[in-house]
Amino acid sequence: MENKLILAIETSCDETAAAVIKNGREILSNVVASQIESHMRFGGVVPEIASRHHVEQITIIIDQAMQEANISFGDLSAVAVTAGPGLVGALLIGVNAAKAIALAHDLPLIGVHHIAGHIYANQLITELKFPLMTLVVSGGHTELVYMEEQGSFEVIGETRDDAVGEAYDKVARTLKLPYPGGPHIDRLAASGNPTIDLPRAWLEADSYDFSFSGLKSAVINTLHNANQKGLEISNEDLAASFQESVIEVLVEKSKRAAQEYNVKQFLLAGGVAANKGLRNKLTEQFERLGIELVIPPLNLCTDNAAMIGAAAFVKLEKQQFATFDLNGNPGLDLEKE
Ligand code: KG4
Ligand code: ZN
């Protein structure tokens with residue numbers, strides 16, 4: 001088989017990233033410039049600042065990815081880019097860079113859904129086996145996605161309010177921890193005990209949807225009440241209790257979905273997949289079920305362009321190319337991909 005190289009670009013949020021991927025499986029380069037430091041003092045991502053950083057970084061990062069892969073534009077089979085969802089001003093920087101390269105070097109252009117990218121990060125680890133189920137947990141998304149075959153996505157459940165990562169970040173903020181708060185809560189939780197009673201939103205018995213805003217409010221109320229009464233409350237125990245509630249719901253629904261859909265593989269995807277508590281619990285429970293569980297290494301869980309290149313390969317094989325009117329689309333629909 002002739003080797004097919006894809007240059008992939010990702011600028012949907014606060015990471016400027018470019019990668020070169022061979023045959024949808026092999027990483028030749030994977031460069032990520034994080035902007036976290038610039039957004040930290042605001043306690044979250046500021047869209048205008050994100051766009052400005054992307055403009056400053058994009059050509060440098062693309063050059064670096066091409067150099068590390070040791071190839072020239074003429075060696076490429078296609079250029080891929082995250083087309084959505086994400087911040088529109090941020091997406092546009094990547095989309096325009098991809099269009100310029102595609103036009104200048106007469107290459108096919110491929111638009112990729114950001115969540116398809118997170119899911120396909122797993123294809124850089126192992127061969128995907130269908131049908132499969134993925135739990136996508138990130139700062140903007142919490143979804144259970146069923147895949148019957150390559151490139152087909154059915155969202156069987158999603159959050160009705162906050163995404164998991166968003167709930168982590170808000171609880172962390174209440175505990176006066178730096179942004180992004182997920183890793184800090186994870187660390188605190190490891191040294192605490194889940195002694196505080198917090199709610200679990202199971203929703204309707206057969207639902208695969210999620211809800212985390214009630215839990216987030218319960219944590220904030222618990223802290224406020226303790227403060228008003230002058231009671232000491234352990235941040236470690238509160239973090240452990242919050243994390244236990246989140247993980248219990250995520251893992252139970254994941255197990256039920258994997259069994260009901262009779263899947264061959266279960267994948268974890270998105271930034272919150274870095275959570276140690278979640279990784280451990282899923283590993284233990286899926287071992288018991290006898291279903292293969294795949295969890296990418298941390299650098300492929302958080303936003304990167306390698307995952308976009310992996311997802312784009314499926315579209316390259318199917319010749320599903322974008323036209324030059326491709327635009328950044330904050331509301332891009334995964335199921336219509
Ligand atoms: O996928 P991602 O890098 O960006 C989005 O597409 O949203 O996910 C970022 C999110 C943040 O909310 C961050 O707090 C969370 O992932 N996160 C974690 C951990 N590491 C990152 N949440 C819980 N535990 C962690 N260890
Ligand atoms: Zn992401």
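As the structure lists them, so they are numbered: ligands from 1, and atoms in each ligand from 1. These numbers were taken from a predicted model, which means no experiment stands behind them.
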**OP:** Identify, by name, the N, O or S atom of D303 lying closest to the Zn ion (ligand 2).
**Re:** OD1

Subject >> ligand 1 contacted by H114 (non-hydrogen, < 4.0 Å) >> reply: yes

Original post:
I233 versus I196: any side-chain heavy-atom pair under 4.5 Å?
Top reply: yes

**OP:** State plainly whether the residues K170 and E166 are in salt-bridge range, i.e. N to O under 4.0 Å.
**Re:** yes

Subject >> ligand 1 to N275 polar contact by distance, N or O atoms, under 3.5 Å >> reply: yes

Original post:
Of all the non-hydrogen atoms in the protein, which one sits nearest to atom 1 (O) of ligand 1, and at what distance?
Top reply: G271 N, 2.9 Å

Subject >> G165 neighbourhood, listing ligand 1 atoms whose heavy-atom distance to it stays under 4.0 Å >> reply: 12 (O)

Subject >> Shortest protein heavy-atom distance from atom 11 (C) of ligand 1, along with the residue and atom involved >> reply: D169 OD2, 3.6 Å

Original post:
Among the heavy atoms of C13, does any lie under 4.0 Å from an atom of ligand 1?
Top reply: no

**OP:** Enumerate the atoms of ligand 1 whose separation from the nearest heavy atom of G139 is less than 4.0 angstrom.
**Re:** 5 (C), 7 (O), 8 (O), 9 (C), 10 (C), 12 (O)

Original post:
Which heavy atom of the protein is the closest neighbour of atom 15 (C) of ligand 1, given with residue, atom name and distance?
Top reply: V272 CG2, 3.8 Å

Original post:
To the nearest 0.1 Å, how far is atom 26 (N) of ligand 1 from its closest protein heavy atom, and which atom is that?
Top reply: D186 OD2, 3.0 Å

Original post:
When H118 is tested against each of T302, T134, D303 for side chain to side chain donor-acceptor pair (under 3.5 Å), which residue passes?
Top reply: D303

Subject >> Geometric class of the Y120/F153 ring pair [parallel <30°, tilted 30-60°, perpendicular >60°] >> reply: perpendicular

**OP:** Output yes when a side-chain donor or acceptor of R200 lies under 3.5 Å from a complementary backbone atom of L198, and no otherwise.
**Re:** yes

Subject >> Near-ring test Y168/F242, centroid separation under 6.0 angstrom >> reply: yes

Original post:
Testing H54, Q57, E10, H53 for side chain to side chain donor-acceptor pair (under 3.5 Å) with T16, which one passes?
Top reply: H54

Subject >> Which segment of D303 sits under 4.0 Å of ligand 1 when only heavy atoms are counted >> reply: both

Subject >> Sub-4.0 Å atoms of ligand 1 with respect to non-hydrogen atoms of G140 >> reply: 7 (O)

Subject >> Numbered atoms of ligand 1 (with element) below 4.0 Å of A274, judged on heavy atoms >> reply: 20 (N), 26 (N)

Original post:
What is the nearest protein non-hydrogen atom to atom 18 (C) of ligand 1, stated with its residue, atom name and distance?
Top reply: G182 CA, 3.6 Å

Original post:
When you check the gap from the basic side-chain N to the acidic O, do K264 and E127 get nearer than 4.0 Å?
Top reply: no

Original post:
Heavy atoms, side chains only, cut-off 4.5 Å: are N304 and E15 in contact?
Top reply: no

Original post:
For ligand 1, is there an N or O atom under 3.5 Å from any N or O atom of E166?
Top reply: no

**OP:** Answer with yes or no whether K276 contacts ligand 1, where contact means a heavy atom under 4.0 Å from a ligand atom.
**Re:** no

Original post:
What do we get for H118 next to ligand 1 when only non-hydrogen atoms under 4.0 Å count, side chain, backbone, both or neither?
Top reply: side chain

Subject >> Donor-acceptor under 3.5 Å (D161 side chain, S213 main chain) >> reply: yes

Original post:
About how large, to 10 degrees, is the angle NE2 of H114, then the Zn ion (ligand 2), then NE2 of H118?
Top reply: 90°

Original post:
Is the closest side-chain heavy-atom distance between M133 and I156 below 4.5 Å?
Top reply: yes

Original post:
Would you say P180 and ligand 1 have an N/O pair spaced under 3.5 Å apart?
Top reply: no

